[in-house]
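Take a look at the structure set out below.
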Amino acid sequence: MLWTTSFDIPEGESKINHHKPIFSIGSCFSTMIGEKLAERKFPILNNPFGTLFNPISIAQVMEDAALEMPINTDMILVRDGLYLHFGMHSDVVAYSQDSLERLIHKKQQHTKQVLENASHILITFGTAWIYEYGNDGQIVANCHKQPADLFEKRLLHPDEIQKAFSGFFNILRQINPDVQVLLTVSPVRHIKDGIPEDRLSKSILRLAAHDLTETYDFVQYFPAYEIMMDDLRDYRFYKEDMIHPNAQAEEYIWERFKTAWVDPKTYPLILEFEGIKKDLAHRPFNPDSPAHIKFLDNLQKKLERYSRDFDFSKEMDLLRKQVHSRGK
């Protein structure tokens with residue numbers, strides 16, 4: 001008896017490996033996939049401007065970085081003594097306008113560098129509902145808890161998304177002719193807008209993604225939304241909020257993503273790195289036992305070996321803390 005409605009996902013011709021950087025941007029799903037890749041030591045820049053939900057803001061921050069555009073200071077605001085930018089998530093924050101501008105500039109420089117060298121760019125559309133700010137109707141990425149009467153809410157049209165990304169893709173191909181772009185629609189349900197409204201939004205995003213894959217041969221679509229809605233069609237795959245996929249669902253989607261888009265030659269390394277993560281999370285019954293001391297020694301040797309080619313500095317710090325805490 002079948003309990004899911006699985007479907008085939010076409011495999012990418014040019015797959016992700018450890019040799020070239022990856023750029024990930026967009027909603028929570030892009031962060032999740034980016035974290036999965038980072039944990040397995042793929043070189044990735046993951047959502048440098050924080051979580052972004054609407055496609056226009058996503059395209060805008062990448063285009064501004066690629067073209068080295070000056071920071072739009074009209075979009076800077078102060079909230080509770082902190083400086084934020086309407087075009088970015090509240091993760092991008094500083095204690096003064098000057099320090100915020102320097103922080104954003106640094107992120108733009110890093111983004112441009114990765115965009116120029118990336119093998120793949122992962123983009124996740126979260127919602128087609130947007131908020132326009134000020135007399136010029138500038139689209140914001142985040143309202144930053146400002147009064148609602150400062151904004152006008154409306155729904156994007158697929159043509160607007162197509163236009164924004166056509167402009168960015170033309171720039172992207174000039175600075176990185178060999179890049180591959182993977183589009184996804186977020187499987188997270190934005191039910192605060194209303195359930196019918198969320199389905200309408202997702203339909204617009206899906207149509208826009210389809211149009212872009214039809215227009216550009218280097219743009220592909222990964223069906224994360226469809227996996228969640230049909231393959232994992234059950235609330236047991238959601239967190240308690242009934243909005244976000246739970247860890248089991250994320251792991252399933254990751255495995256399907258890995259099969260379709262990650263080079264099989266990297267699988268042995270992936271298994272090794274997943275094993276290291278599990279070893280670091282291990283909590284022994286007796287931290288001072290000879291068996292555990294030997295376990296830590298072997299783990300340290302393994303980390304030192306892989307540190308020659310991959311960044312295991314965080315893992316080494318964690319291991320040192322475990323060694324230091326023994327016997328306390």
Side-chain angles (χ1 to χ4, degrees), residues 11-12 14-25 28-48 50 91 106-107 109-111 113-122 179-180 182 222 245-328:
E11 291 193 24
S14 177
K15 295 198 174 189
I16 292 168
N17 57 46
H18 287 100
H19 304 307
K20 296 197 72 176
I22 307 154
F23 186 80
S24 180
I25 190 169
C28 306
F29 176 77
S30 64
T31 300
M32 184 275 288
I33 287 292
E35 288 174 350
K36 297 283 189 187
L37 289 165
E39 287 170 355
R40 290 149 182 85
K41 302 306 173 184
F42 290 91
I44 183 167
L45 180 57
N46 190 8
N47 260 344
D91 288 345
K106 184 177 180 180
K107 287 179 176 291
Q109 287 182 314
H110 193 187
T111 295
Q113 180 185 13
V114 175
L115 289 177
E116 289 174 337
N117 296 282
S119 63
H120 294 77
I121 298 175
L122 315 179
V179 72
Q180 295 290 307
L182 301 183
F222 177 76
N246 63 17
Q248 187 179 16
E250 289 180 348
E251 192 63 27
Y252 181 82
I253 296 173
W254 156 252
E255 286 297 330
R256 300 217 65 184
F257 177 86
K258 184 180 77 172
T259 300
W261 280 102
V262 178
D263 190 340
K265 294 178 182 178
T266 68
Y267 289 2
L269 272 179
I270 287 175
L271 286 174
E272 280 286 300
F273 297 159
E274 289 173 344
I276 289 173
K277 183 181 178 183
K278 290 178 182 177
D279 288 346
L280 285 167
H282 174 66
R283 293 296 175 262
F285 178 72
N286 181 5
D288 295 315
S289 69
H292 185 62
I293 293 171
K294 183 178 181 181
F295 169 83
L296 292 178
D297 184 58
N298 289 336
L299 181 55
Q300 181 174 349
K301 290 176 180 176
K302 186 182 291 186
L303 286 173
E304 288 172 349
R305 184 170 72 252
Y306 284 120
S307 291
R308 299 166 191 162
D309 299 307
F310 302 96
D311 182 9
F312 274 93
S313 56
K314 291 181 180 178
E315 289 82 357
M316 292 290 285
D317 287 342
L318 184 58
L319 181 61
R320 279 191 284 268
K321 289 177 183 178
Q322 290 187 24
V323 172
H324 182 70
S325 65
R326 279 194 306 108
K328 289 187 176 182

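The minimum heavy-atom distance between Phe222 and Phe29, with the atom names listed, is CE2-CZ, 4.3 Å. Closest approach of Ile22 and Ser119 over heavy atoms only: CG1-OG, 4.4 Å. Listed here is the closest heavy atom pair of Leu299 and Ile276: CD1-CG2, 4.3 Å. The nearest pair of heavy atoms linking Ser307 to Met316 is OG-CG, 4.3 Å.
Legend: residues meeting ring pair (Phe, Tyr, Trp, His ring centres under 6.0 Å) with Phe42, ordered by chain and number and at least two apart, are His18. Every residue meeting the ring pair (Phe, Tyr, Trp, His ring centres under 6.0 Å) condition with Phe312, not counting sequence neighbours, appears here in chain and number order: Phe273.
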Checklist entry - Hey, mind stepping through Phe295 and Asp279 against side-chain contact (heavy atoms from CB on, under 4.5 Å) and telling me if it holds? => result CA-CA 9 Å; Phe295 169 83; Asp279 288 346; 3.7 Å; yes
| said: Go through it in stages, so that I can follow the logic: the residues are Arg40 and Lys36, the test is side-chain contact (heavy atoms from CB on, under 4.5 Å), and I'd like the CA-CA distance, side-chain angles, deciding distance and then a yes or no. | reply: CA-CA 7 Å; Arg40 290 149 182 85; Lys36 297 283 189 187; 3.8 Å; yes
side-chain contact (heavy atoms from CB on, under 4.5 Å) assessment of Asn47 paired with Ser30:
CA-CA 8 Å; Asn47 260 344; Ser30 64; 3.3 Å; yes
**OP:** Any chance you could lay out the side-chain contact (heavy atoms from CB on, under 4.5 Å) test for Leu280 and Leu319, step after step, and finish with the verdict?
**Re:** CA-CA 7 Å; Leu280 285 167; Leu319 181 61; 4.2 Å; yes
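A salt bridge links Asp297 and Lys301; the closest N-O separation between the charged side-chain nitrogens and carboxylate oxygens is under 4.0 Å. Between Glu315 and Lys41, at least one side-chain nitrogen of the basic residue sits less than 4.0 Å from a carboxylate oxygen of the acidic one, meeting the salt-bridge criterion.
We find the CD-CH2 distance between Glu35 and Trp254 to be 12.0 Å, quoted to the nearest 0.5 Å. The line from CG of Asn17 to CH2 of Trp261 is 12.5 Å long, rounded to the nearest 0.5 Å. For the atom pair Leu303 CG and Arg320 CZ, the distance stands at 9.5 Å (nearest 0.5 Å). Interatomic distance, Lys107 NZ to Gln109 CD, rounded to the nearest 0.5 Å: 12.5 Å.
Taking the side chain as every heavy atom from C-beta outward, Asn298 and Lys302 never approach each other to under 4.5 Å. Put simply, the side chain of Asp317 does not reach to within 4.5 Å of the side chain of Lys314, judged on heavy atoms. Looking at heavy atoms from C-beta onward, Leu122 lies in side-chain contact with Leu37 at the 4.5 angstrom threshold. Contact annotation: the side chain of His120 approaches that of Ser14 to within less than 4.5 Å [non-hydrogen atoms, C-beta and beyond].
Of the candidates Thr111, Ile44, Asn46, Asn117, Phe23 forms a side chain to side chain contact (heavy atoms under 4.5 Å, CB included) with just one, namely Thr111.
Looking only at atom types and distance, the side chain of Gln300 has a donor-acceptor partner in the side chain of Glu304 under 3.5 Å away.
Lys15 places a side-chain N or O within donor-acceptor distance of the main-chain N or O of Thr259, the cut-off being under 3.5 Å. His110 contributes no side-chain N or O that, together with a main-chain N or O of Pro48, makes up a donor-acceptor pair within less than 3.5 Å.
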Show which side-chain atoms of residues 264-271 pair as donor or acceptor with protein atoms under 3.5 Å away, not counting sequence neighbours.
unit_1: Thr266; atom_1: OG1; unit_2: Asp263; atom_2: O; d: 2.7
unit_1: Tyr267; atom_1: OH; unit_2: Lys258; atom_2: O; d: 3.2

